[in-house]
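Here is the structure we will look at.
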Amino acid sequence: MEAVERIIFNLALNTFVRLVVVAVVMDTIFGIGRAIREHKFNSSVGIDGAIRKIAMIVSIVFLGAVDALVHINLIAFIPEEARNYLPTATIGLAEFFSLLYICYEVVSILKNMALCGLPVKGLWKRVQAFLGKYTKELPDTEEQDAEQERKELAPLPEGVTLTDAVPPGAMEPNQDGTYNAYDAEGNKTGTVTAEEYESAGKI
């Protein structure tokens with residue numbers, strides 16, 4: 001029991017582990033803020049995120065126990081240009097994975113901050129590109145990006161919806177440059193401009 005307390009105490013004083021905890025808390029707060037802003041509270045997504053964050057902390061504790069038994073220095077696995085930013089010359093298992101978790105959480109934090117309406121989208125893209133050079137274990141945000149872009153597009157005209165149930169040749173432009181619009185059953189409801197048609201095609 002004393003050994004376990006010593007391991008937890010040492011981890012509690014570790015800068016990298018502290019940064020993981022701070023990142024987890026920040027990501028959780030901004031994730032909640034994003035859900036409130038978008039009016040989307042998905043319990044399954046929230047549970048998945050909570051499980052991931054708890055697993056991060058638990059894995060660090062176990063890796064800290066391994067570090068106490070076997071002293072391994074993984075500094076060689078850190079890219080040389082990234083080592084200049086580290087305040088230490090030795091990296092144990094717990095610290096190595098803490099760095100990976102921090103990278104993951106930073107991208108997720110900036111993504112959630114951007115979706116909360118904060119002006120950090122450019123910074124988020126740059127950080128994601130920078131960290132992507134060192135690890136492929138970053139959150140996959142392509143689906144979220146596509147959803148956000150769909151929301152930013154101009155809404156379709158009244159009574160117009162997206163459907164595949166259209167007659168042959170329906171996607172061809174009319175002589176005046178407009179396109180025919182159809183309802184969900186494939187019935188023609190009117191026309192839309194080329195700009196509206198192009199926006200609908202991106203959704």
Side-chain angles (χ1 to χ4, degrees), residues 3-38 40-68 71-142 144-145 148:
V4 174
E5 291 177 354
R6 186 169 63 252
I7 290 170
I8 294 176
F9 179 76
N10 290 335
L11 289 174
L13 297 178
N14 190 292
T15 301
F16 296 106
V17 176
R18 288 181 173 183
L19 286 173
V20 171
V21 174
V22 170
V24 165
V25 172
M26 285 185 64
D27 190 36
T28 301
I29 291 172
F30 284 110
I32 293 172
R34 170 191 171 188
I36 292 173
R37 186 173 188 265
E38 296 181 346
K40 290 172 62 177
F41 284 94
N42 190 322
S43 59
S44 62
V45 173
I47 291 173
D48 289 344
I51 291 173
R52 174 173 56 81
K53 295 178 189 305
I54 292 171
M56 283 182 179
I57 303 300
V58 171
S59 67
I60 289 175
V61 173
F62 279 108
L63 292 169
V66 174
D67 283 334
H71 300 287
I72 302 175
N73 186 4
L74 299 178
I75 192 68
F77 288 90
I78 306 295
E80 189 170 349
E81 53 192 30
R83 294 179 205 170
N84 299 327
Y85 299 98
L86 301 179
T88 180
T90 59
I91 296 291
L93 281 170
E95 293 170 327
F96 181 79
F97 279 89
S98 291
L99 285 171
L100 292 179
Y101 298 156
I102 290 169
C103 291
Y104 186 98
E105 289 295 295
V106 164
V107 173
S108 182
I109 288 169
L110 289 173
K111 174 67 177 180
N112 284 330
M113 288 175 71
L115 292 178
C116 282
L118 299 178
V120 295
K121 190 170 184 179
L123 174 62
W124 162 62
K125 292 289 187 183
R126 288 195 295 273
V127 169
Q128 188 179 33
F130 174 77
L131 295 177
K133 295 188 297 185
Y134 305 114
T135 177
K136 300 298 183 184
E137 301 298 329
L138 296 176
D140 183 8
T141 59
E142 291 181 2
Q144 296 174 350
D145 292 343
Q148 182 67 12

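In this model, no donor atom of one side chain and acceptor atom of the other lie less than 3.5 Å apart for N73 and T90.
The minimum heavy-atom distance linking L110 with V120 is given by the pair O-CG2, 3.8 Å. Nearest approach of A94 to L11, heavy atoms of both residues: CB-CD2, 4.1 Å. Counting all heavy atoms, side chain and backbone alike, C116 lies closest to F30 at SG-O, 3.4 Å. Contact between G92 and E95 at its shortest, heavy atoms only, is N-OE1, 2.9 Å.
In this structure the side chain of R52 reaches within 4.5 angstrom of the side chain of Y104, judged on heavy atoms. Counting heavy atoms from C-beta outward, R34 and I29 have side chains that stay 4.5 Å or more apart. In this structure, V127 and F130 have side chains that are not in contact, with every pair of non-hydrogen atoms separated by 4.5 Å or more. Contact annotation: the side chain of N10 never approaches that of N14 to less than 4.5 Å [non-hydrogen atoms, C-beta and beyond]. Using a 4.5 Å cut-off on side-chain heavy atoms (C-beta onward), T28 and K53 make contact. In this structure, Y101 and I60 have side chains that are in contact, with non-hydrogen atoms separated by less than 4.5 Å.
The line from CZ of F96 to CD1 of I72 is 11.5 Å long, rounded to the nearest 0.5 Å. Separating the CG atom in N112 from the CG atom in L115 is a distance of 6.5 Å, to the nearest 0.5 Å.
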- Item | F16 and L86: CA distance, side-chain angles, deciding distance, side-chain contact (heavy atoms from CB on, under 4.5 Å) verdict | CA-CA 10 Å; F16 296 106; L86 301 179; 4.0 Å; yes
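Put simply, the side chain of D27 never gets that close to the backbone of E105: no donor and acceptor are under 3.5 Å apart.
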